[in-house]
There are 2 protein chains.
Amino acid sequence: MSSIDQVALLAKVSVATVSRVINNSGNVSPETRQRVLAAVERLKYQPNAMGSLLRKEHTGMILVMLHSVDNPFFAPIVQGIESYAQTNGMNVLISTTYGDPSRESHYLELVKTHFVDGILLIANTMTLEVLNELSTRFPVVQVLEYLEDSEASRVTIDFHAATVELIEGLVAKGHRHIAFVHTGLEHIISTQKKRQAYVEVLAKHGLPPYEIPGPHDFGYESGAQLARQLLETHPQISAFFATSDLIATGILSTLEAMDVQVPKDKAIVSFDNTVFATLSRPTLTSVEVNGYELGSQAMDYLFRRIHQKKYRDKVCLTLPYTIHHRDSE
Amino acid sequence: MSSIDQVALLAKVSVATVSRVINNSGNVSPETRQRVLAAVERLKYQPNAMGSLLRKEHTGMILVMLHSVDNPFFAPIVQGIESYAQTNGMNVLISTTYGDPSRESHYLELVKTHFVDGILLIANTMTLEVLNELSTRFPVVQVLEYLEDSEASRVTIDFHAATVELIEGLVAKGHRHIAFVHTGLEHIISTQKKRQAYVEVLAKHGLPPYEIPGPHDFGYESGAQLARQLLETHPQISAFFATSDLIATGILSTLEAMDVQVPKDKAIVSFDNTVFATLSRPTLTSVEVNGYELGSQAMDYLFRRIHQKKYRDKVCLTLPYTIHHRDSE
DNA sequence: GGGGTGGGTGTAAACGATTACATAAAATAA
DNA sequence: TTATTTTATGTAATCGTTTACACCCACCCC
């Protein structure tokens, strides 16, 4: 690996001049510039990032913590982040946590040691203490999921309002027995908000809630299994409210296997509006969050937080959502 | 941000001693260690990564270049990579390229400047020159997709053999008019290999090929659209060979809309064996690659390439695949 | 001719760690 | 007691850059 000194030597100039050529900073005569560039080419010189970053305040890297790379739901968020980053000269790196706190805190080291300038948390699972400690000292923004009483900033949607709208819709269509089907990830705020809204709306109309604890996964299987259990014990259920459309797809498969017609016999509504909502038959009514907007807004705040020291106050942004009514209700 | 000098000052020791405590290297008396740790705690000292990495040969980071984070197909590969990395003390960072060469070369800078130690390319689109230049100078491994005549190492599967097996299966079932439906991403090696095998098998049996150029996307829509076009012009087609199961899902939706029964009237076989293959109705016959194994094997080679200078020869690994026969044929 | 101005370049001090080497003190051996 | 090893610590060089500062020289303007 050739270093800047070797280039300087070969071009018969000082390292300062080489640096000026590389970074297009300061004044360099055309002839000298040529000599330097020739030497760079000769030696295939590439500046070492650690050397230069040591002198700078920022690395220009930001880290996105993601559950995994197989969830279509997160893709638009990541795109929003990357698009903002690109136009502002930052680089986005992604790490996957699979909901494992130890993996999370492992990657947090990257911001603590200033390897990256900031972190965007998508569906993090760390404790309140860890998060608060982190967010007071480093640029951090929570995206979508968040810890309610945390000091950390966040960009999210109003899960409560969206759920109220969904359930009220079902009630208006005459449903009196509506079940709540979720992933078993009790602690995440979206599930809590959805459950709370669900319970409130039912209570308001004097209707009974139906819910059984589910396995801890993201999806299809648990939806199928929970639907089966619910219908065995409570055949009067006429509508399902699923916390994700992958779960809804699972419910659909159970209903199909039981020869139950959707939406004639049972209705289904869900969240996320991923490709599964339009791919399934019937298509699913689902709540869409504008992931792209969510991502770029989060990035916008993070960017300001990184570059303006005064910009330290907690920010809570709530973006609008859209309900797509389709054939499942 | 407190630095090591401030800790040294507060603990009344030299920076060398602080460093020894932090890294558990060399001998430090228990009392001194305590004083240093107390100072570290007081100042909330975190070593700056750039400072220490400047002295080291490696950063312990490797970069995975991915198309996007919404493809379930890549998830096992990433998991295999991460699992290997974790047990070997490395960190995995992911970047998305969306097939954009400029984004690719942008992220390549990270290995050139020694910000990361090596790169795993999943479905890269760079030119042969760029890749060769890169791979001779830096640790790079191609995963799954690759450039045929490149100097760069790769870990992949035998697309040709898998396709032969699929098509021969269809022929054995009596199909005489089999269409080839792909994404329009002509240049990628898997598409080429699949087409070549498809053409060979048909030729061997004296059967006609059916193929029309498709739109450049990954999926569902193009599958649906191409199936419609193919059947309009060639109603005799009785089986579809799709290069991905997302495409196959699109084909299915068209057949459903046309009231064509699968597999009674038409058969479908595909690649990837993602969640879409089991979610769709009917379920899809699909080729499974062992992504986890693919990822960890690739990482294993990359790791050795990084840490043993002699380990420079090109390696081409071909891992086995599995065909899951399901209800679509 | 003297005093600016500014372009082109070099010197050397950072940045924040690690570590080879030196040294002093303590423990051990003779 | 003295010689020898071991332990604990400090000094300073080093990693590869960037950049403040100093310098020289050419040019221009009175």
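In what follows, chains are A, B, ... by sequence order, proteins preceding strands, each numbered from 1. In this text, all values refer to a predicted model and were calculated from it rather than measured experimentally.
- In this structure, the ring of B/Phe115 has its center less than 6.0 angstrom from the ring center of A/Phe115.
- Each of B/Asn48, B/Leu9, B/Val18 was checked for a side chain to side chain contact (heavy atoms under 4.5 Å, CB included) with B/Ile4, and the lone residue meeting it is B/Val18.
- A distance-only check finds no donor-acceptor pair linking the side chain of B/Ser83 to the backbone of B/Gln79 [under 3.5 Å].
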Heavy-atom contacts, protein to nucleotides 9-20 of chain D, under 4.0 Å, summarised as B (base), S (sugar-phosphate only) or - (none) per nt, yield BBBBBBBBBBB-
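- Running 5' to 3' along DNA chain C, contacts with non-hydrogen atoms of chain A at under 4.0 Å begin and end at C/dG7 to C/dG16.
- For the pair B/Gln142 (side chain) and B/Leu147 (backbone), a donor-acceptor distance under 3.5 Å is present.
- Ion pairing between B/Arg35 and B/Glu31 fails under the 4.0 Å rule for side-chain N and carboxylate O.
- Between the A/Glu145 side chain and the A/Ser190 main chain, a donor and an acceptor come within less than 3.5 Å of each other.
- A distance-only check finds a donor-acceptor pair linking the side chain of B/Thr136 to the backbone of B/Asn132 [under 3.5 Å].
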